[in-house]
Amino acid sequence: MERKTRRLRSSTVILGGMGALAAALTSCGSEPDKRCVDRNSYDAVNGYRVVDSSDCKGSSSTTGGKGKKNRDTKRADGQWYYDSEVSGRWADFGTFDKSKAADRGGFGCSGSSGG
């Protein structure tokens with residue numbers, strides 16, 4: 001009996017390999033997912049209002065410090081909010097403490113994080 005072998009197209013092999021590589025690289029990041037939120041905007045139903053990342057410049061997750069607040073302009077009291085569930089312009093169920101953010105190790109990741 002003659003046996004036919006099926007050859008994969010080179011584009012299929014390349015695309016499959018690229019997808020596996022992309023998944024390996026993105027699933028093992030040292031930075032948890034973060035959003036800049038206004039700490040003064042908490043709503044019991046929606047969570048924190050997501051604001052522009054420029055409102056979180058200078059805020060520190062390790063000291064629990066808040067972003068700069070200028071009373072003359074109504075800038076948000078921005079701080080980074082980690083590993084939250086985001087719905088539209090709102091984020092909830094996360095943490096302000098970067099060290100408590102979920103370690104989502106993936107393919108090829110070691111048990112400890114580098115951050």
Side-chain angles (χ1 to χ4, degrees):
M1 221 160 53
E2 187 176 320
R3 187 173 182 188
K4 290 186 176 181
T5 59
R6 182 174 174 214
R7 295 182 64 190
L8 293 175
R9 294 178 181 222
S10 60
S11 61
T12 304
V13 173
I14 290 172
L15 289 176
M18 297 273 288
L21 178 62
L25 292 175
T26 58
S27 66
C28 190
S30 59
E31 282 290 316
D33 182 48
K34 66 182 179 181
R35 299 285 189 275
C36 183
V37 299
D38 183 355
R39 287 184 65 110
N40 294 328
S41 69
Y42 185 75
D43 178 81
V45 174
N46 297 313
Y48 292 97
R49 186 172 51 91
V50 176
V51 295
D52 190 79
S53 61
S54 65
D55 289 324
C56 284
K57 302 285 188 213
S59 67
S60 171
S61 62
T62 56
T63 61
K66 298 179 181 179
K68 294 180 181 178
K69 186 174 182 180
N70 186 341
R71 296 182 193 274
D72 296 335
T73 62
K74 293 190 176 188
R75 285 194 59 174
D77 184 12
Q79 187 167 359
W80 293 113
Y81 193 54
Y82 298 95
D83 284 343
S84 60
E85 292 180 13
V86 179
S87 176
R89 296 295 297 166
W90 296 90
D92 206 3
F93 306 110
T95 179
F96 288 105
D97 187 347
K98 183 177 179 179
S99 66
K100 291 184 181 177
D103 180 13
R104 301 181 183 190
F107 176 76
C109 295
S110 62
S112 62
S113 65

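Every heavy atom of this structure was used, including side-chain atoms; hydrogens, water molecules and symmetry mates were not.
- Side-chain contact between E85 and D92 is absent, with no heavy-atom pair separated by less than 4.5 Å.
- No side-chain N or O of D97 forms a donor-acceptor pair with one of T95 less than 3.5 Å apart.
- Taking both residues in full, the closest heavy atoms of A76 and D55 are given as CB-OD2, 3.8 Å, listed atom of the first, atom of the second, then distance.
- Scored by the side chain to side chain donor-acceptor pair (under 3.5 Å) test, S53 finds no partners at all (sequence neighbours excluded).
- Criterion: ILVMFWY side-chain heavy atoms under 4.5 Å apart, direct or through other members. Under it, V51 and F96 are not part of a common hydrophobic cluster.
- Of the inter-residue distances, the one linking W80 atom CH2 with K57 atom NZ reads 6.5 Å to the nearest 0.5 angstrom.
- Residue Y81 forms a ring-ring contact (aromatic ring centres under 6.0 Å, His included) with just one option from Y48, W90, Y42, F93, and that option is Y48.
- In this structure, CD in Q79 is found 9.0 Å from SG in C36, a value given to the nearest 0.5 Å.
- Judged as a side chain to side chain donor-acceptor pair (under 3.5 Å), and not counting sequence neighbours, S87 has no contacts.
- Partners of D38 under the side chain to side chain donor-acceptor pair (under 3.5 Å) rule, at least two apart in sequence or in another chain, are R49.
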